[in-house]
Amino acid sequence: MSGDQLHNDSQIEADFRANDSHKHKDKHKDREHRHKEHKKDKEKDREKSKHSNSEHKDSSEKKHKDKEKTKHKDGSSEKHKDKHKDKDKEKRKEEKIKLSSGDIKIKKEKENGFSSPPRIKDEPDDDGFYASPKEDSKPLKRPREDDDADYKPKKIKTEDVKKAKKRKQEEEEDSKAKKAKNKDKKSPEADKRKKPKKEEEQKWKWWEEERYPEGIKWKFLEHKGPVFAPPYEPLPENVKFYYDGKVMKLSTKAEEVATFFAKMLDHEYTTKEIFRKNFFKDWRKEMTSEEKSTITSLSKCDFTHMSQYFKAQTEARKQMSKEEKQKIKEENERLLKEYGYCVMDNHKERIANFKIEPPGLFRGRGNHPKMGMLKRRIMPEDIIINCSKDSKVPPPPPGHKWKEVRHDNKVTWLVSWTENIQGSIKYIMLNPSSRIKKDWQKYETARRLKKCVDKIRNQYREDWKSKEMKVRQRAVALYFIDKLALRAGNEKEEGETADTVGCCSLRVEHIKLHPELDGQEYVVEFDFLGKDSIRYYNKVPVEKRVFKNLQLFMENKQPEDDLFDRLNTSILNKHLQDLMEGLTAKVFRTYNASITLQQQLKELTNPDDNIPAKILSYNRANRAVAILCNHQRAPPKTFEKSMMNLQSKIDAKKEQLADARRELKSAKADAKVRRDEKSKKAVESKKKAVQRIEEQLMKLEVQATDREENKQIALSTSKLNYLDPRISVAWCKKWGIPIEKIYNKTQREKFAWAIDMAEEDYEF
DNA sequence: AGTCCAACTTAGAATACACATA
DNA sequence: TATGTGTATTCTAAGTTGGACT
């Protein structure tokens, strides 16, 4: 039944061809516009359509969007609302602090040991990949010297095997596969395991440790606080800004904001009406009153001189001498060393983003109503520090104060602040390789879904026939999420963000129904903008019952009405929770991505292929997933050129091959005549040369194919977020592919747990 | 049930960097 | 030795989810 889970190959190709200019934002703009206009009348329309549409009246209107009306009518009401929000926030925060600090106290009394100053272990900064002892015995081709440096002493080996055993137990436990037979000896000694001494000399294997109780994220946390953006440096006197053709000296504040625009002058953004409007509005707020009265039109502003200055600056930076570059590098390293790490529960861990986002102009994706707005500078007074009570609290910069210091070990972030564009909270958190980011659990949940997915599929098929509209909609939506790996699709506040949708928020205008199309029956044509305003375009044959349901859902609705008017993500996820513990809409994406990779790897890997060809197969399997998840990218600007380069290389190689073949031929002829050892040898060596060149040519051609197929598909997102790394590790082990052909250094760090624990026979 | 929002994951673009090549 | 190109890293926007509150 899962045959239709994945588009078949030819279909994938077809979809993409149809999709060649992949971001048809313009086409959508028009539609979006209509959508907005119409929203106002939407209530009315829905009112009308509702009754005819549903078998089953319910008086409570689902989406009361009254809030919209009261909200952004003008600046004043918005302000008012904001104030309110702030107050509420403050109140809640206070309560929270009290609560959590109390919690900590209790905890501490219980777990005394953890509050003592931690023993810090330095993690080696080098290449994170090392061979685990288990791997040593495998045929896996071991790489070059740099990896050898990491080999562990023999002694640890035995120790590790034990650990691995324990870990396996835990893993089973984790996946809720509670098979009593295997469980008889859940080694008691393992539970109270102390920090092993050998930790000094190797990477910390957090995945072999016990997990914390629900909700507790850490017991000790110490860090140096954030690094702020460098202060603004006014432009040199000779760099001019012109207004209406005349030189104008700007105040520092106004000048700073002007430089943000000047730096983006070459970017398409600055040509967009909304961007310009938003920018100008915010810029004016930074101006002195004289400036304000002079500068009344953005089109009379001339930033070109400023822009040239910045270009010259970047050019100069490139031209810097080695020593100067080295100096900068060292300075960066110093910063990283000091602020780039924190101590969390006895371990030094890398922080992902320790630098505060500098001020600038907001660059929303797609058709974002707020693009061009000024992202203000973040000051220490905006910053909330989170660390443990018994740690050294980072001092604020001289003359400044933190907004707040809290000690909440129920969250993972170290620093937070509220951003001024959407009013959302930004965080400083740890690197993906850290313990706290265990995506391992995510894959275990997906594997649990594997066990019950058939049941769930049968269930939603049944639900297509339900008497209740809500249930039917839920079932059809779930079918899409499962079959097409769509995102859940939360409602979004209108006018605050780009108009994008996911499954639950699909509107009637986003699908077209074709009772018959290109010889297929019941085809649904999807065309909408998803996350990051990436277009999703797909024609999918569906089951008759789904088709009929869709027709029903669309009856008497306007294009801008919700397709699933009785459904939202919260309803859907609640239902999923009942079907399986921990199941949410996004688990389907993870599950389908990983299972697809595994399937495709099985199908595409040819045992007789050499390594480059096998890697091409891997990339193709990866690509199938990226297509399923609709991970697209803009074709690289240099794509055509680089393709041509590659092609000329191939041509050259072909010529070389022809030459080599000719030489071989004549050598053979020669040998036939002479029949001596020397000429025989010559033939042999020519043969080898031909072979070598053939191989090189093959490699180049494979590379060309790979690149061409990758033109507008981004593999990295699925690789990083959706594919159970153990599948890839197992595949590498099975076929003797060095892991670094598949994962770069960062990825190996992130997936260290999988590299360590997956065997060649791992099954997702 | 609906709203709001904190916290966390997922995402593509921009930029930095390393390495190959002329 | 500079330059160009491909890859890795950084950046930060934009999703999902769940819990508190109403």
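Computation of the quantities below employed the complete heavy-atom set of this structure, encompassing side-chain atoms and omitting hydrogens, waters and symmetry-equivalent molecules. None of these values were measured; they are calculated from a predicted model.
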- Query: Excluding sequence neighbours, so at least two apart, what forms side-chain hydrogen bond (donor to acceptor under 3.5 Å, both in side chains) with A:E330?
  - Reply: A:Q326
- Query: Contact class for A:G502 (heavy atom, under 4.0 Å): base, sugar-phosphate, or nothing?
  - Reply: nothing
- Quick one: label A:K531 by what it contacts on the DNA or RNA (base, sugar-phosphate, nothing), any heavy atom closer than 4.0 Å. base
- Query: What's the CG-P distance between A:L715 and B:dG12, to the nearest Å?
  - Reply: 11 Å
- Query: Among all residues two or more places apart in sequence or in another chain, which pass the side-chain contact (heavy atoms from CB on, under 4.5 Å) test with A:S434?
  - Reply: A:E349, A:L430, A:I436, A:K437
- Within the structure shown, what part of the strands sits under 4.0 Å from A:N645 by heavy-atom distance: base, sugar-phosphate, or nothing? sugar-phosphate
- With heavy atoms under 4.0 Å as the rule, sort A:A352 into base, sugar-phosphate or nothing. nothing
- Query: Within the pair A:T717 and B:dG12, is there a side-chain N or O less than 4.0 Å away from OP1 or OP2?
  - Reply: yes
- OP1 or OP2 of C:dC11 under 4.0 Å from side-chain N/O of A:N353: no
- Message: It should be established whether A:R406 places a side-chain nitrogen or oxygen under 4.0 Å from OP1 or OP2 of nucleotide B:dA6.
- Response: no
- Task: Using a 4.0 Å heavy-atom cut-off across all strands, classify A:T412 as base, sugar-phosphate, or nothing.
- Result: sugar-phosphate
- Message: Regarding A:K217, tell me which of base, sugar-phosphate or nothing describes its non-hydrogen contacts under 4.0 Å with the strands shown.
- Response: sugar-phosphate
- Item | Pairs touching residues 417-433 of chain A that satisfy salt bridge (charged side-chain N to carboxylate O under 4.0 Å, His left out), sequence neighbours left out | A:E357-A:K426
- Which residues share a side-chain hydrogen bond (donor to acceptor under 3.5 Å, both in side chains) with A:N278, sequence neighbours left out: none
- Message: The criterion is side-chain hydrogen bond (donor to acceptor under 3.5 Å, both in side chains); which residues satisfy it with A:T584, sequence neighbours excluded?
- Response: none
- Query: Within the structure shown, what part of the strands sits under 4.0 Å from A:N490 by heavy-atom distance: base, sugar-phosphate, or nothing?
  - Reply: base
- Task: Using the test ring-ring contact (aromatic ring centres under 6.0 Å, His included), find all partners of A:W402 that sit at least two apart in sequence or belong to another chain.
- Result: none
- Query: Can you list, by residue number, the residues of residues 356-364 of chain A that have a non-hydrogen atom closer than 4.0 angstrom to DNA chain C?
  - Reply: A:E357, A:P358, A:F362, A:R363, A:G364
- Counting only side-chain N and O atoms of A:H267, is one of them less than 4.0 Å from OP1 or OP2 of B:dA13? no
- Phosphate OP1/OP2 of C:dA13: any A:K426 side-chain N/O under 4.0 Å: yes
- Do you see a donor-acceptor pair shorter than 3.5 Å between the side chains of A:Q747 and A:K750? no
- Remember a base hit wins even if backbone is also touched, and classify A:R317 as base, sugar-phosphate or nothing at under 4.0 Å, heavy atoms. nothing
- Rounded to the Å, how far apart are A:Q313 CD and B:dT15 P? 15 Å
- Between A:N367 and A:D499, do the side chains contain an N or O donor and an N or O acceptor separated by less than 3.5 Å? no
- So, is A:T569 near the phosphate of C:dT17, with a side-chain N or O under 4.0 Å from OP1 or OP2? no
Protein-nucleic acid N or O pairs under 3.5 Å, nucleotides 20-22 of chain B:
none

- Message: Less than 3.5 Å apart, any donor N or O on the side chain of A:S718 or A:N622 sitting next to an acceptor on the other?
- Response: yes
- Checking all strands, does A:Y722 fall into the base, sugar-phosphate, or nothing category for heavy-atom contacts under 4.0 angstrom? sugar-phosphate
- What does A:K375 touch in the nucleic acid at a heavy-atom separation under 4.0 angstrom: a base, only the sugar-phosphate, or nothing? sugar-phosphate
- Query: If only side-chain N and O atoms of A:S642 are considered, is one of them under 4.0 Å from the OP1 or OP2 phosphate oxygen of C:dG6?
  - Reply: yes
- Query: Listed by chain and number, what are the side-chain hydrogen bond (donor to acceptor under 3.5 Å, both in side chains) partners of A:T590, not counting sequence neighbours?
  - Reply: none
- side-chain N/O A:K442 vs B:dT9 OP1/OP2, d < 4.0 Å: no
